[in-house]
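Labels below follow one simple rule: chain letters A, B, ... track the order of the sequence lines, proteins then strands, and each chain is numbered from 1.
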Amino acid sequence: MLEKEYYPQQIEKKWYETWDKTNPYKALDKSDKPKYYALSMLPYPSGKLHMGHVRNYTITDVIARFKRAQGFNVLHPIGWDSFGLPAENAAIQHGANPKEWTLSNISYMKRQLKMLGLSIDWDREITTCLEDYYKWTQWLFLQLYKKGLAYKKTAPVNWCEKCATVLANEQVIEGKCWRCDSEVTKKNLSQWFFRITDYCEELLKDLDLLTGWGDNVKTMQKNWIGKSTGAILKFKVAEIEGLEIPVYTTRPDTVYGVTYLVVAPEYKDIEKLTLPQNQKEVENYRLNAKKLSEIERLSTTRTKTGVPLGTHIINPFTGKKCPIWTADYALVDYGTGAVMAVPYHDERDFDFAKKYNLEMIQVIDGVDFEKDKVYTNKEGTLVNSGEFNGIKAKDAIEKITQYAVDKGFGEFKTQFRLRDWLISRQRYWGAPIPIVYCPNCGEVAVPEEDLPVKLPEDVDFSVQGKSPIETSPTFKYTTCPKCGAKATRDVDTMDTFVCSSWYYMRYCDAKNDKECFNREIINGWMPVDQYVGGIEHAILHLLYARFFTKALRDLGLLNFDEPFKNLLTQGMVLKDGAKMSKSKGNTVDPDEIYQNFGADTARLFILSDSPPARDFDWTDAGVEGCYKFICRIYRLYSKFQDRIKLNYNFDIKSLSQKDENLVRETHIAIKKITNDIEQEFQFNTVISRYREFVNAIYEYIKDEKTINYEVLSFVLLTLIKLLSPVLVFVSEEIYSQFNPEKSIHEEPWPKFDENLAKTSMITLVIQVNGKIKDKIEAAQDLSKEDLEKLALDSSKVKQALEGKNIVKTIVIPNRLVNIVVK
RNA sequence: GCCCUGGUGGUGGAAUCGGUAGACACGUCGGACUUAAAAUCCGAUGAGGCUAAUAACUUCGUGCCAGUUCAAGUCUGGCCCAGGGCACCA
């Protein structure tokens with residue numbers, strides 16, 4: 001028996017405990033059904049679930065349940081991205097072991113996830129900080145290493161003093177650490193890199209394959225990869241025999257306008273290029289550039305500065321001698337570190353030349369060229385450019401480069417902005433890099449059979465300035481796997497982005513202890529059909545995961561090119577117009593919502609007000625409104641529970657108009673809800689449809705004497721199935737009253753009849769000169785002639801037409817008639 | 001500066017193809033039920049004009065300005081604003 005009123009706590013407890021025992025959403029590796037892989041970004045176990053998680057996992061869960069009901073074999077897993085700095089920092093502050101701290105967070109959050117009613121296959125849960133996972137992260141590292149995709153080099157790296165760690169370029173935001181927001185400085189260290197730049201071209205090109213991704217994300221990735229095409233041109237130094245400065249340029253067409261050349265303050269040959277009388281000034285400038293770089297980066301109104309070196313280059317096209325300067329607007333790690341300056345046709349060069357009174361030569365002319373203004377337009381034609389005069393700038397790019405190639409002082413060049421991925425971290429809480437340094441053999445890979453290289457437990461977390469891992473007496477010192485000599489381990493751990501670059505593959509074969517995943521199984525499940533997560537991962541995580549997929553494909557471990565077919569980037573959860581955060585004190589604890597309203601209310605509300613991609617504003621009134629709506633639904637079933645039967649039976653032709661209308665409303669609801677989920681996952685409108693449908697049912701039952709219980713059974717059993725992906729607990733509770741044999745979640749998705757999924761009558765809108773004059777009820781699918789006749793019959797229309805000539809009449813079937821008059 | 005996304009009532013947001021702008025809610029107001037309140041149910045609700053208030057009628061309204069069209073939130077061109085991303089990338 002259903003209670004008279006809705007008590008979510010009782011209902012949810014009962015089903016949550018049942019599902020916890022039976023794990024009813026096991027995904028089968030072998031099935032006759034088509035596969036569907038629904039994936040949420042794996043959570044970092046920070047302590048408690050927040051509303052962003054609730055939104056993310058509810059969206060994915062509804063998709064998973066919908067697809068399951070539609071007959072797909074659905075994989076819907078979850079796991080824990082559980083390595084990383086916060087665990088280590090928090091552990092230090094709380095005096096606990098990072099592992100214990102992390103695992104206790106996981107168990108707390110796991111309980112919260114289960115209470116949310118997610119249809120997850122819990123047998124596939126993974127935890128990246130446990131040996132059975134990071135063993136395979138290390139194994140994958142070794143495969144990349146063998147393929148030459150992991151390599152070590154000394155490089156100036158971004159160093160965060162506070163975190164005592166190296167940061168990837170991607171983790172430096174406006175010169176500050178992405179996590180703690182403190183200043184980042186440079187430091188030279190020997191580091192491991194992944195050769196992601198080998199895949200620049202493919203990572204860029206394959207964005208076109210990702211038709212299920214938003215343009216915003218694709219554009220961000222495109223800009224990040226930053227392809228540009230141009231040329232390398234070599235300039236001889238006038239004062240030093242045999243020395244050349246190559247420059248990279250996208251505008252070789254402007255080479256006749258070069259009036260000076262700039263090298264970065266850190267340029268390798270800068271000392272050679274500096275004349276003795278300029279030495280002091282240059283030295284000062286370079287020191288300043290180094291010191292200022294951090295502060296300067298923050299200034300938005302930076303004016304360009306620089307000093308001349310005293311030497312000159314000779315333009316091979318013109319023979320012209322031009323001074324060499326150093327200036328910090330040239331970047332040492334982009335292109336060649338040197339720039340050919342063409343003041344009239346480049347904004348930066350223009351500003352710089354104005355400031356230092358350097359020569360300007362116009363080499364491109366167009367209608368809108370103005371003296372004393374920079375002209376970067378490529379539409380113009382070349383002037384003052386010797387034999388190239390009169391050629392369009394666009395064509396000159398190739399012609400001039402070809403000329404340089406032929407003469408031996410240039411080449412075509414494609415340049416990317418993307419750098420190799422620095423993965424070493426001087427931290428404890430990560431997967432150790434499986435490399436040993438032997439005095440005899442050098443750098444030696446740990447043999448695969450010796451994996452995992454376990455994280456030591458005997459460490460001192462209170463040390464500063466170096467990784468706690470180095471304080472372990474047992475970890476660092478080992479023997480060489482090749483020659484047996486005394487050797488040391490690499491004490492660095494891997495960036496957590498490495499762990500999260502392949503986790504979605506491990507889900508496919510999570511329990512495999514022989515290999516990281518079975519090739520057949522993973523090829524069966526992958527690629528992910530729908531990936532759901534925050535826009536903040538648009539660049540880093542998604543780019544790294546794409547790189548991993550391509551690299552593992554080339555290693556022969558899998559046979560697909562892209563990991564994520566469709567991507568849904570969900571918006572943030574706000575409260576009172578601001579992002580929910582602990583510091584603002586405007587967070588909402590899921591447990592509190594479960595307690596007061598139940599998880600079904602939380603699920604319903606988080607989907608209701610905004611489309612998934614937009615930001616969502618959490619309001620207490622909204623939560624209550626959703627709770628009341630569930631009460632309204634529950635009362636409906638409670639009231640009619642004795643009259644609802646599974647084996648209803650009626651003939652549409654013999655129904656009263658009222659009954660027929662409700663049957664039509666039901667088919668309309670199925671159609672619209674199905675479409676709204678399938679297209680774009682518009683859950684906010686799905687929920688509006690629910691409400692419209694429930695309103696129609698209430699309208700129907702107003703007069704109890706006329707209720708047809710066969711029809712009502714059909715309608716209410718359809719409604720409960722439509723609600724079931726969202727209201728997972730209450731729908732199960734209600735349905736179990738009518739069918740104790742089967743879960744609502746195993747029932748197939750309702751089908752609609754196209755002929756019944758429309759109202760019997762339509763509202764015909766009649767306009768005269770585009771202004772609405774009348775609205776009349778008409779039958780569906782009348783001919784154009786009939787509609788026109790109906791329109792002309794309207795007395796209001798007749799009145800409006802009086803004394804006027806009809807020029808033409810436009811008829812849109814089932815919608816409107818527009819009569820144009822003079 | 002460049003790139004992406006968006007701009008619709010008091011609020012969140014609807015609106016296949018260009019075809020009734022404001023679905024569905026929240027809020028507000030009014031009514032029923034109740035000794036009373038809560039809950040529930042029913043109704044009104046873009047702004048203005050004309051009416052004694054109503055019904056009817058009518059004007060204006062989807063960031064701004066122009067255009068295409070019988071018809072524009074939707075298409076085209078130009079601008080403004082907000083949010084996010086990148087930022088001296090040669």
Side-chain angles (χ1 to χ4, degrees), chain A residues 5 173-174 214-224 226-228 230-231 247-251 254 261-262 264 296-297 300 302-304 327-331 333-342 345-349 351-352 415-418 535-536 538-539 569 571-572 577 605 608-611 613-626 628-629 631-632 635 672 675-676 679 682 684-695 698 702 763-772 774-775 796 799 807-821:
Chain A
E5 290 295 324
I173 294 150
E174 287 177 4
D215 281 340
N216 52 346
V217 177
K218 284 198 275 189
T219 313
M220 279 192 234
Q221 292 223 344
K222 197 177 154 199
N223 292 343
W224 195 264
K227 180 178 179 172
S228 73
V247 302
Y248 173 71
T249 179
T250 56
R251 295 296 302 274
T254 63
L261 189 136
V262 180
E296 210 183 16
R297 282 185 109 151
T300 48
R302 239 176 294 154
T303 55
K304 292 181 177 30
D328 58 10
Y329 81 89
L331 307 171
D333 51 5
Y334 185 78
T336 62
V339 183
M340 67 175 214
V342 188
H345 306 290
D346 180 278
E347 279 183 42
R348 290 153 304 185
D349 300 343
D351 292 346
F352 193 80
Q415 184 75 37
F416 291 93
R417 190 182 164 277
L418 185 70
I535 186 82
E536 68 273 19
I539 299 173
T569 49
M572 286 188 301
F605 179 52
S608 67
D609 267 358
S610 296
R614 279 208 228 171
D615 287 351
F616 177 88
D617 204 4
W618 183 278
T619 61
D620 295 338
V623 177
E624 254 173 79
C626 285
K628 285 181 189 171
F629 179 55
C631 293
R632 188 168 148 90
R635 280 195 301 272
K672 285 183 170 172
N675 286 345
D676 282 357
Q679 299 162 12
Q682 281 215 46
N684 56 326
T685 56
V686 168
I687 286 152
S688 294
R689 307 293 173 216
Y690 286 162
R691 292 183 187 266
E692 282 174 344
F693 188 29
V694 171
N695 287 346
Y698 265 87
K702 248 185 192 168
T763 306
L764 182 70
V765 174
I766 305 162
Q767 299 177 329
V768 174
N769 283 350
K771 301 254 179 206
I772 297 162
D774 201 5
K775 296 177 191 178
K796 286 177 188 165
Q799 208 180 329
V807 180
K808 66 171 165 178
T809 310
I810 289 111
V811 182
I812 310 296
N814 288 335
R815 275 189 193 270
L816 102 170
V817 176
N818 187 11
I819 301 162
V820 187
V821 297

Test side chain to side chain contact (heavy atoms under 4.5 Å, CB included) applied to A:Ser228 and A:Tyr248, step by step: CA-CA 10 Å; A:Ser228 73; A:Tyr248 173 71; 2.7 Å; yes
For A:Glu5 and A:Arg635, run side chain to side chain contact (heavy atoms under 4.5 Å, CB included): C-alpha distance rounded to whole Å, both residues' side-chain angles, the deciding distance at 0.1 Å, then the answer. CA-CA 7 Å; A:Glu5 290 295 324; A:Arg635 280 195 301 272; 4.1 Å; yes
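Across the P atoms, B:A82 and B:G73 are found 25 Å apart, a figure rounded to whole Å. Rounded to the nearest Å, the gap between the P atom of B:C3 and that of B:A90 is 14 Å. Comparing the same atom, P, in B:U45 and in B:U54 gives a spacing of 12 Å after rounding to whole Å. The separation of B:G49 from B:A36, taken at their C1' atoms, amounts to 44 Å, rounded to a whole angstrom. Between B:A37 and B:G46, the distance separating the two P atoms is 29 Å to the nearest Å. Here the separation of B:U11 from B:C4, taken at their P atoms, is 29 Å to the nearest Å. Going from the P atom of B:U20 to that of B:U62 covers 15 Å, rounded to whole Å. Comparing the same atom, C1', in B:U59 and in B:G6 gives a spacing of 31 Å after rounding to whole Å.
Nucleotide B:C86 holds its P atom 11 Å from the CD1 atom of A:Ile535, rounded to whole Å. Between the CZ atom of A:Arg251 and the P atom of B:A90 there is a distance of 11 Å, rounded to whole Å. One interatomic measurement links the two molecules: CZ of A:Arg417 to C1' of B:G85, which rounds to 11 Å at whole-angstrom precision. Rounded to whole Å, atom P of B:G19 lies 15 Å from atom CG of A:Asn814. If you measure from atom CE of A:Met340 to atom C1' of B:C88, you get 17 Å, rounded to the nearest angstrom. We find that NZ of A:Lys672 is positioned 10 Å from C1' of B:A15, with the value rounded to whole Å. Remark: C1' of B:A90 and CG of A:Asp351 are 14 Å apart, rounded to the nearest angstrom. Here the C1' atom of nucleotide B:U11 and the CH2 atom of A:Trp618 are 18 Å apart, to the nearest Å.
Using a 4.5 Å cut-off on side-chain heavy atoms (C-beta onward), A:Leu261 and A:Val339 make no contact. Side-chain contact between A:Asp351 and A:Tyr329: absent, with no pair of heavy atoms (C-beta onward) separated by less than 4.5 Å. At least one side-chain heavy atom of A:Met340 sits less than 4.5 Å from a side-chain heavy atom of A:Thr254.
Less than 6.0 angstrom separates the ring centroid of A:Phe605 from the ring centroid of A:Phe616.
Listed by chain and residue number, A:Arg632 satisfy the side chain to side chain donor-acceptor pair (under 3.5 Å) test with A:Asn695 (two or more places apart in sequence, or in another chain). Remark: A:Lys775 pairs with no residue by the side chain to side chain donor-acceptor pair (under 3.5 Å) rule, at least two apart or across chains. Not counting sequence neighbours, the partners of A:Glu692 by the salt bridge (Lys or Arg N to Asp or Glu O under 4.0 Å) test are A:Arg689. By the ring pair (Phe, Tyr, Trp, His ring centres under 6.0 Å) test, A:Phe693 pairs with no residue at all, sequence neighbours left out. Scanning for side chain to side chain donor-acceptor pair (under 3.5 Å) contacts around A:Ser610 gives an empty result, with sequence neighbours left out. Remark: A:Phe416 pairs with no residue by the ring pair (Phe, Tyr, Trp, His ring centres under 6.0 Å) rule, at least two apart or across chains. For A:Lys796, the salt bridge (Lys or Arg N to Asp or Glu O under 4.0 Å) test picks out A:Asp774, with sequence neighbours left out.
In this structure, B:G9 is classed as syn because its glycosidic torsion stays within 90° of zero. Syn is the conformation of B:C17, whose glycosidic angle sits no further than 90° from 0.
Between B:A90 and A:Tyr334, a contact under 4.0 Å exists linking OP1 or OP2 to a side-chain N or O. Using a 4.0 Å cut-off, no side-chain N or O of A:Gln221 falls inside it from OP1 or OP2 of B:C86. At B:G13, one or more side-chain N or O atoms of A:Ser610 fall inside 4.0 Å of OP1 or OP2 (strictly under the cut-off).
The side chain of A:Pro611 lies closest to B:G13 when the candidates are B:A87, B:C41, B:G13.
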Pairs: protein N or O with nucleotides 23-27 of chain B N or O, under 3.5 Å:
residue	atom	partner	partner atom	Å
B:A23	O2'	A:Glu692	OE2	2.5
B:A23	N1	A:Ser688	OG	3.3
B:A25	OP1	A:Asn695	ND2	2.7

Listing time: all N or O pairs from protein to nucleotides 55-60 of chain B that are below 3.5 Å?
residue	atom	partner	partner atom	Å
B:U58	OP1	A:Lys773	NZ	3.3

Name the pairs: protein N/O against N/O of nucleotides 67-73 of chain B, kept only if under 3.5 Å.
residue	atom	partner	partner atom	Å
B:C70	O2	A:Asn818	ND2	2.5

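Looking at RNA chain B, the stems built from 3 or more consecutive Watson-Crick or G-U wobble pairs, each pair with its key distances under 3.5 Å, are B:1-7 with B:80-86, B:10-12 with B:24-26, B:27-32 with B:40-45, B:46-49 with B:57-60, B:63-67 with B:75-79.
Side chain of A:Asp349 to backbone of A:Val342: a donor-acceptor contact under 3.5 angstrom is found. Judged by distance alone, the side chain of A:Gln221 and the main-chain N or O of A:Ala538 form a donor-acceptor pair under 3.5 Å. The closest donor-acceptor contact from the side chain of A:Asn684 to the backbone of A:Asp609 lies at 3.5 Å or more, if one exists at all. Remark: side-chain polar atoms of A:Asp346 are not paired, donor with acceptor, to backbone N or O of A:Ala341 under 3.5 angstrom.
Across all strands, A:Glu5 comes closer than 4.0 Å to no nucleic acid atom at all (heavy-atom distances). A:Ala538 comes within 4.0 angstrom of no nucleic acid atom, judged by non-hydrogen atoms across all strands.
Heavy-atom neighbours of A:Lys222 NZ from other residues, nucleotides or ligands within 6.0 Å: at or below the threshold of 12. Atom CD of A:Glu536 has more than 12 neighbouring heavy atoms from other residues, nucleotides or ligands inside a 6.0 Å radius.
Between A:Arg815 and A:Gln682, the residue anchored closer to the 5' end of RNA chain B is A:Gln682, taking for each the nucleotide with the nearest heavy atom. Ranked by how close their nearest RNA chain B nucleotide is to the 5' end, A:Thr336 and A:Tyr698 are led by A:Tyr698.
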Can you check each nucleotide of nucleotides 1-7 of chain B against protein heavy atoms at under 4.0 Å and return B for base, S for sugar-phosphate only, - for none, in 5' to 3' order? --SSS--
